[in-house]
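Below you'll find the structure, written out as structure tokens, and then a few comments.
In the text below, chain A, chain B and the rest are named by the order of the sequence lines, each starting its count at 1.
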2 protein chains.
Amino acid sequence: MKILIVEDEPKTGDYLRQGLTEAGFVVDLAREGLDGLHLATTGDYDLLVLDVMLPQMDGWAVLQALRLAGREMPVLFLTARDQVEDRVRGLELGADDYLVKPFAYSELLARVRSLLRRGKTKEPEVLACADLELDLLRRRATRAGVRIDLTAKEFALLELLLRRRGEVLPRSLIASQVWDMNFDSDTNVIEVAVRRLRAKVDDPFEPKLIRTVRGMGYMLDADVSR
Amino acid sequence: MKILIVEDEPKTGDYLRQGLTEAGFVVDLAREGLDGLHLATTGDYDLLVLDVMLPQMDGWAVLQALRLAGREMPVLFLTARDQVEDRVRGLELGADDYLVKPFAYSELLARVRSLLRRGKTKEPEVLACADLELDLLRRRATRAGVRIDLTAKEFALLELLLRRRGEVLPRSLIASQVWDMNFDSDTNVIEVAVRRLRAKVDDPFEPKLIRTVRGMGYMLDADVSR
DNA sequence: TCCTCGACGATCAGAATTTTCACTAGCCGG
DNA sequence: CCGGCTAGTGAAAATTCTGATCGTCGAGGA
């Protein structure tokens, strides 16, 4: 798998190159937009990692030119915090996913792998259940059209519940997914987290979506039965 | 590599078995102390994962009997939170490392690998520099004999600094090790974390050990030069 | 059927930790 | 000596965890 990185900032560029190389990809790195565009149109890359902020020719311009040239490989955009609007703009131009700096290495790998796996077929970037929606790209939730701000843990928990909607998720699973923890033990972080999530997502609305399954775990479902 | 787990609590047991199996180990699981002891003395295991709390025959008893029988394989003890005293007791009896429940999967793997790697040769479990000591097992720091309580992040940071004592650690390295983050960006978490660590570890003492290397990063050293 | 007990989950407030933000101080090159 | 950049600082905000207590469901017995 060949990946092209277009990133002017040396540290980030090296970090990306090293990280992706270690993960077994073949990586090229362009330090500025024009070089990047040139390489991207000539070379045979499976994925492009593209910084939004570039001197001279910025990320959008590169992306636009690339698409005009008929190149359809998936593109992972790197954007700085508080540039969420960039994302929307980029999405319209045909970016495939976003990563907000600073980001965790595990996050980077996950996105890259996901993009490569699905190729051009975009996987749903919005999870939904009844009137509850979770936009994975914008990292934002909505219920009945009302925007809901979620913290990292809340987001992770809701994402898990939505991805496995209709299934009962045992605490141990939730713990291992959301906390990377083995739970045995004497803490009730999960209950508290569910409480917080409910307060935002269920309390002000009907019907209640997060259901407790006694002795088993939690389930998210729009089912009206009983 | 063959590992024996002795754990009565089904969830934890299954979690451990599954986790270690997936990591490529051959795993046996005993549900109670006596079974565990029997298997451990008969079978040919490279490592024992032993819960402290067991019905009938508890972890210490198993360990003791095992050592009496001349079995010298490394032992990883599982203890519940707030049982730090258990640790001391276990250490005296010849346990090799501890894991406090609940624990992260990554933590488990790290400990297991480390124990297997070093075999019977215990690697230093206390890092030190001048009169500053960091006890990795008890997760406790000490300076000039004074005990210092550290938070998770503080501990991780200090451990990193101590492990690479005398080296200048660039921010990007610290970020990737302690935060698993790519830093680019506009936050100063590292500065703040260093500040907090200094407040505990350096402010009340002399000489100052954590040095700032302008434009480069941070370094921990007892060097008196300049 | 109704009651009681015990286990499990819910809830809340407070504490601890971590992050963000705004501002200050210090170093370095010109 | 003057900016301009880098690091230090303090305080507030945000998030997460802990611990205590309360409520509720359901099994089993009266």
Side-chain angles (χ1 to χ4, degrees), chain A residues 9 11 80-82 100-104 139 141 148-158 168-172 174-175 178-203 208 210-219 226, chain B residues 9-11 80-84 100-104 139 141 148-158 168-172 174-175 177-203 208 210-219 226:
Chain A
E9 223 257 319
K11 273 188 202 164
R81 185 206 316 271
D82 300 331
V100 177
K101 298 188 280 196
F103 51 85
R139 300 254 137 197
I148 300 174
D149 287 322
L150 297 176
T151 68
K153 284 272 188 293
E154 288 159 5
F155 191 95
L157 178 58
L158 182 55
V168 178
L169 306 179
R171 279 137 200 288
S172 56
I174 297 176
V178 179
W179 278 265
D180 182 30
M181 287 226 138
N182 158 283
F183 268 69
D184 213 13
S185 72
D186 47 348
T187 148
N188 68 339
V189 266
I190 295 189
E191 281 87 345
V192 175
V194 169
R195 177 74 199 85
R196 282 201 315 268
L197 185 58
R198 275 177 167 154
K200 290 188 178 177
V201 150
D202 259 356
D203 284 2
K208 307 308 181 196
I210 301 175
R211 205 178 307 174
T212 303
V213 184
R214 191 156 251 265
M216 308 260 81
Y218 296 94
M219 174 165 100
R226 254 215 326 137
Chain B
E9 224 258 320
K11 272 188 200 161
R81 187 207 315 274
D82 300 333
Q83 291 185 304
V84 180
V100 177
K101 298 189 280 193
F103 51 83
R139 299 253 137 198
I148 300 174
D149 286 322
L150 296 176
T151 68
K153 283 268 188 294
E154 288 160 5
F155 191 93
L157 178 57
L158 182 55
V168 177
L169 305 179
R171 279 137 200 289
S172 56
I174 297 177
Q177 297 289 303
V178 179
W179 278 266
D180 183 32
M181 288 226 134
N182 159 284
F183 267 70
D184 214 12
S185 72
D186 45 351
T187 148
N188 69 339
V189 267
I190 295 189
E191 281 87 344
V192 177
V194 169
R195 174 79 195 74
R196 283 202 317 268
L197 186 57
R198 276 176 166 155
K200 290 188 178 177
V201 150
D202 260 356
D203 285 2
K208 306 309 181 196
I210 301 174
R211 203 178 306 175
T212 303
V213 184
R214 189 155 256 263
M216 308 260 81
Y218 296 93
M219 175 166 102
R226 255 221 320 131

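For the pair Asp203(A) CG and dC12(C) C1', the computed distance is 13 Å after rounding to whole Å. Going from atom CZ of Phe155(A) over to atom P of dT16(D) covers 13 Å, rounded to whole Å. We find that CG of Asp149(B) is positioned 15 Å from C1' of dA15(C), with the value rounded to whole Å. Regarding Lys153(B), its NZ atom lies at a distance of 11 Å from the P atom of dC17(D), rounded to whole Å. Residue Met216(A) contributes atom CE, which lies 13 Å from atom P of dG26(D) at whole-angstrom precision. As rounded to whole Å, 10 Å separates atom P of dT17(C) from atom CG of Leu150(B). Rounded to an integer number of Å, the gap from Ile210(B) CD1 to dG8(D) P is 10 Å. Atom CZ of Arg171(A) and atom C1' of dA10(C) are 10 Å apart (whole Å).
Looking only at distances, no side-chain donor or acceptor of Asp202(B) sits under 3.5 Å from a matching main-chain atom of Lys208(B). With Thr187(A) contributing its side chain and Val189(A) its backbone, the two residues share a donor-acceptor pair below 3.5 Å.
We find the NZ-CG distance between Lys153(B) and Leu158(B) to be 14.5 Å, quoted to the nearest 0.5 Å. Taking CG of Leu157(A) as the reference point, atom OH of Tyr218(A) lies at 9.5 Å (rounded to 0.5 Å).
Between Thr187(A) and the phosphate of dT18(D), there is a side-chain N or O to OP1/OP2 separation shorter than 4.0 Å. For dT18(C), the OP1/OP2 oxygens have no side-chain nitrogen or oxygen of Trp179(B) closer than 4.0 Å. One finds no side-chain N or O of Thr151(A) lying less than 4.0 angstrom from the OP1 or OP2 phosphate oxygen of dA14(D).
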### Query
How far apart are the C-alpha atoms of Glu154(A) and Ile148(A), what are their side-chain angles, what is the distance that settles it, and do they pass the side chain to side chain contact (heavy atoms under 4.5 Å, CB included) test?
CA-CA 11 Å; Glu154(A) 288 159 5; Ile148(A) 300 174; over 6 Å; no
### Task
Report the C-alpha distance between Leu169(B) and Met219(B) in whole Å, list the side-chain angles of each, state the deciding distance to 0.1 Å, and finish with yes or no for side chain to side chain contact (heavy atoms under 4.5 Å, CB included).
CA-CA 6 Å; Leu169(B) 305 179; Met219(B) 175 166 102; over 6 Å; no
### Message
Using the rule given for side chain to side chain contact (heavy atoms under 4.5 Å, CB included), can you reason through Arg171(B) versus Met216(B), listing the C-alpha separation, both sets of side-chain angles and the distance that settles it, and then say yes or no?
### Response
CA-CA 7 Å; Arg171(B) 279 137 200 289; Met216(B) 308 260 81; over 6 Å; no
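The shortest distance between side-chain heavy atoms of Val194(A) and Ile174(A) does not fall below 4.5 Å. Counting only heavy atoms from C-beta outward, the side chains of Arg195(B) and Asn188(B) never approach each other to under 4.5 Å.
Taking 3.5 Å as the limit, the base of dT11(C) and the side chain of Asn188(A) contain a donor-acceptor pair of atoms between them.
Residues from residues 191-202 of chain B with heavy atoms under 4.0 angstrom of DNA chain C, sorted by number: Val192(B), Arg196(B).
When each of dT15(D), dG9(C), dT18(D) is scored by its nearest atom to the side-chain atoms of Tyr218(A), the top-ranked nucleotide is dG9(C).
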Would you tabulate the pairs of protein nitrogen or oxygen atoms and nucleotide nitrogen or oxygen atoms of nucleotides 24-30 of chain C closer than 3.5 angstrom?
residue: dG26(C); atom: N2; partner: Arg214(B); partner atom: NH1; Å: 3.4

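Ranked by how close their nearest DNA chain D nucleotide is to the 5' end, Thr212(B) and Glu154(A) are led by Thr212(B).
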